[in-house]
Asker: 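First the structure, then my questions, so here it is.
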Amino acid sequence: MSEKGVPKWIEKYLENWLDPFLLDGIYGDLLEIYHKTKATRGTRVAQWQLIWNTLGFFRYRKLLSRKRLSNSSSSITIDMIINHIVLSLRSLIKNHIYTLINILGLTLSFAGCLLIALYVQEEVSYDRYHEKADRIYRLVTQIEGANFENGIAKINAPWGPEAQNSIPDVELACRFVFFGRPIVSKGTEQYYEGGGLYADSSVFKIFSWPFIFGDPQTALSGVNSLVLTEDLANKYFPGENPVGQSLKFDHQKEMKITAVIENIPEHSHFRFDFLTPMQGYVPPDQGNVWTTWNQYYTYLLLRKSGDRDRVAQKIDAMLAQHLDEETSRAYTPFLQPITKIHLHSKLHREMNPNSDISYLYIFSVVAILMLIIAATNFINLYTARATHRAKEVGVRKIIGATKMSIVNQFVIEAMIVSAVAGIFAILIAHLTLPSVNLVLERNLQLHMLQNPLLSAGLLAIVLLTGVLAGLYPALVLASVKVNRALKPDAESNLVRKFSGIGSRALFRKGLVVFQFGIATFLIVAALVVNGQLTYIQQKNLGFNKDQIIVIPMSTPETIANAEMIKNELLKIPGVRHVTASANRPGGSDYGVPYRAVGVAEDDQPSMRCLIVDEDFLNTYEIEMAQGRGFSKDMATDSAAYLINETAAAQLGWKNPLEHRLAMPAVDREPAPVIGVVKDFHFHSLHEPIGPLYFFMERTWYSQFSLKLNAATVDETLASLKQKWITLEPDHPFQYFFFDQSFESLHAAEARTAKMIRWFTYLAVFITCLGLFGLSAYTSERRTKEIGIRKILGASLGSILFLMMKEVLLLILLAIVLAVPVAWMVSNNWLENFAYTIDFGLSYILIAAISALAIALLTVSYHVLRSALSNPVKTLRYE
């Protein structure tokens, strides 16, 4: 024993595990405690206490032992990390207000990024599930002189089969045509089913839709074959294998079920509920099949060695062989990769409304900006708070901490905050996903473990944010000299470096300007998008879309009895007007060729047409500019025409009522134009009003439009249902509101606007969190200064101005920098619409005032609290 009563192993233990520079001091302290305890409580108690105190150094042995540091670097690293984590948690808990602000801001931004990334991931995955997706192309064409600029998605019947037969690069071709809305019945059950397609038998050799029952090779071999999707099969045959059974179409045709396939995935640019063979489709006789009745959506499967551009050129040459030179020159066929259709195709007559790649850019930019705001808040606030830790760094350096150890400490501390925010973000994203799905009309699922790309992205963001937030203050503080770090004014000197004049001050202020510039940009964008959508909803469309319901005509018998049915429906109280037509505004206007008598063919614009009856204009409240509308009292009106103002202008007719139109394609002889209809928007506001003509052709009608009394809509609908049972007992009553159908033309913009508003609110809130934290820090830092100023007679107003002046200048600078960018981006977005709001100074002023008001409200709490504090207590505290 070196000391009486002290076991020898204690000294050896300490020599083995303690730093030699610390051994004498610690051992001496232990012996001093031992002797005091021995004198008061006895030797045995003193020995047990000495043993306990000595063993207490075991948990820190690797941090204090230079010998172990050199011999076992990997284990030291683990212990050091554990120690850094413990110290970080203590620091974060001590500064819990700032910790909560940082965690909340990062959590909201990470959650927003997760939701946006999930949406983007879903959008870019469209149609990629097909095994041969990289070789599937849709054949479409542009038509010279047509009033649709980008081309049309439908082509003529022979194009696809001839391409397969004559072009070696084309392995297979498949065509689709809409089936219509048959009444499908099984026993006493009957429903309208509008999700059907005619398809060529090659469909299952091109597309990858898994079969549940049936054989892909023979599924569409018979003219009455019927392939159902899983949901439709369960609707009529719940829990059964329906193959071999039949469904009756329109009470006449028996369709034999040959197969059941899985439901078409949501991320498909077209979907259907049933397929039936193309040979069952009988198109009307329209003359030359190469140029008329272009109702076929055509897909080509190229061979592995096939080249897209080469095939398009060969199809162009193929058309030249079957068409005259002038007609062939008018067509420009091209191929669209199936994986690009959903985001990049805006053709006339798409099978379903597509999305737009610009929406992905918008959401992606919003996500990035939101993340930058949150990360900027974190870095800014963490940097500001780090200035108070100079003495901590100095003490740690004295006891042997290296610069890298100090850097690691700050980075790990920031990483903990970022990691906790990441975990909470997943929870928030799960909770808010149902609401996002409701707005986007999607069924997005957040399964992090099954989505490695999303998980890796979140992990990368968490790591990057933590490293960036911790690295800058760590490097600054780790470089402070020990003798300067322990001086009384060390922290105030660092505060001046970060807050006064110099590169570090400019860095912090630059972050504030940057994040508020982003917030201002998002406020302007949200105002513009909201203003444009409000403008679309409130713009005078040239007709009245309210209180109109549309009832489809189901059978030839209904069309033949349309006039009788109209008269019966008009007898129902609450029905103001009834019209029969083949199409309607926002619906499927037609492109039947016409000829303007006396106008050179090259000067005749491409026009769309509406097939209406005498009551169409009154039902939709469309006004006349010249002449009159169709009348039941004028028998000759069955051959006459109406045109709109744009058509009259483009035809160059100063007095349109003196001119005539003809429709040679459907054997209509030249007939007079009896009236000019005032222009109205028969398409979405993305398109300018085009030339339009009207005529009556009762055999083409497909729908009734009814104008109802707004005060009795529910009662009228109930009466209509009862009346329909007596008029059409074999056909269910089905209707939809016209205004909802027309508004669907702008549904994508409405959804985008709502999401942008949500994320703008979120981004502004995150910005305010950072500003709130910085204002709290600034007020705390200047507590003594405010107290002295108040004692010297400074007024409340002067103190408020002093405290807010810096923030106001930074916010004003942010607004000045953000406005030009917001102006440019907003104008670029508005170019997608033919009719737009007047994007003037008012939007900029509202955004600027909003940003200033938000900033002032955010900092006012801490500023007022500091300005109203008792200076005596303040100076006593200091």
Side-chain angles (χ1 to χ4, degrees), residues 105 108-109 112 358-359 361-363 365-370 372-374 376-377 439 512-540 685 746 748-772 774-775 800-801 804-861 863:
L108 294 176
S109 68
S358 64
Y359 298 151
Y361 294 148
I362 290 171
F363 284 125
V365 168
V366 169
I368 293 171
L369 294 181
M370 191 163 52
I372 290 174
I373 289 174
T376 302
N377 280 344
V439 173
V512 174
V513 172
F514 183 58
Q515 66 179 170
F516 240 93
I518 293 174
T520 303
F521 168 81
L522 290 175
I523 292 173
V524 174
L527 288 172
V528 171
V529 171
N530 189 67
Q532 177 64 17
L533 266 295
T534 302
Y535 170 78
I536 288 174
Q537 293 167 356
Q538 298 178 353
K539 188 180 188 303
N540 182 5
L685 270 70
H746 304 100
E749 286 83 9
R751 291 193 294 268
T752 302
K754 184 173 287 189
M755 293 301 294
I756 287 177
R757 285 197 298 270
W758 281 10
F759 287 118
T760 298
Y761 298 150
L762 189 59
V764 171
F765 178 72
I766 295 170
T767 302
C768 292
L769 276 178
L771 199 58
F772 183 84
L774 278 176
S775 65
L800 289 176
F801 177 75
M804 289 189 171
K805 178 177 67 174
E806 182 179 347
V807 172
L808 284 174
L809 291 175
L810 294 177
I811 301 308
L812 287 172
L813 179 59
I815 292 171
V816 169
L817 294 175
V819 162
V821 179
W823 183 284
M824 180 181 65
V825 173
S826 298
N827 275 316
N828 186 57
W829 181 73
L830 289 173
E831 288 178 359
N832 292 317
F833 297 87
Y835 305 91
T836 64
I837 57 173
D838 181 16
F839 181 34
L841 189 61
S842 59
Y843 285 90
I844 303 301
L845 289 176
I846 292 172
I849 293 171
S850 300
L852 279 172
I854 290 168
L856 291 177
L857 287 173
T858 302
V859 303
S860 60
Y861 170 76
V863 171

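If you read the sequence from its start, that first residue is 1, and numbering goes on from there.
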Asker: Using side chain to side chain contact (heavy atoms under 4.5 Å, CB included) as the criterion, point out the one residue from I518, L108, I368, V764 that pairs with I373.
Answerer: I518
Asker: Do you know the tightest heavy-atom contact between Q532 and L830?
Answerer: OE1-CD2, 3.6 Å
Asker: Counting only heavy atoms not in N828, do more than 12 sit closer than 6.0 Å to its CG atom?
Answerer: yes
Asker: Specify the closest pair of heavy atoms between M370 and G112, including all atoms of both residues, with the distance to one decimal.
Answerer: CE-CA, 3.6 Å
Asker: Please report, to 0.1 Å, the donor-acceptor pairs under 3.5 Å made by any side chain of residues 809-825, with sequence neighbours excluded.
Answerer:
none

Asker: When rounded to the nearest 0.5 angstrom, what distance separates CG in L369 from CD1 in I766?
Answerer: 11.5 Å
Asker: Looking at Y843 and L527, what are the two nearest heavy atoms and their distance?
Answerer: CE2-O, 3.5 Å
Asker: So, taking the atom named CD1 in I844 and the one named OG in S826, what distance separates them when rounded to the nearest 0.5 Å?
Answerer: 7.0 Å
Asker: Within the 4.5 Å heavy-atom criterion, are I372 and F514 side-chain neighbours or not?
Answerer: yes
Asker: Looking at OH of Y835 and OH of Y535, how far apart are the two atoms once the value is rounded to the nearest 0.5 Å?
Answerer: 8.5 Å
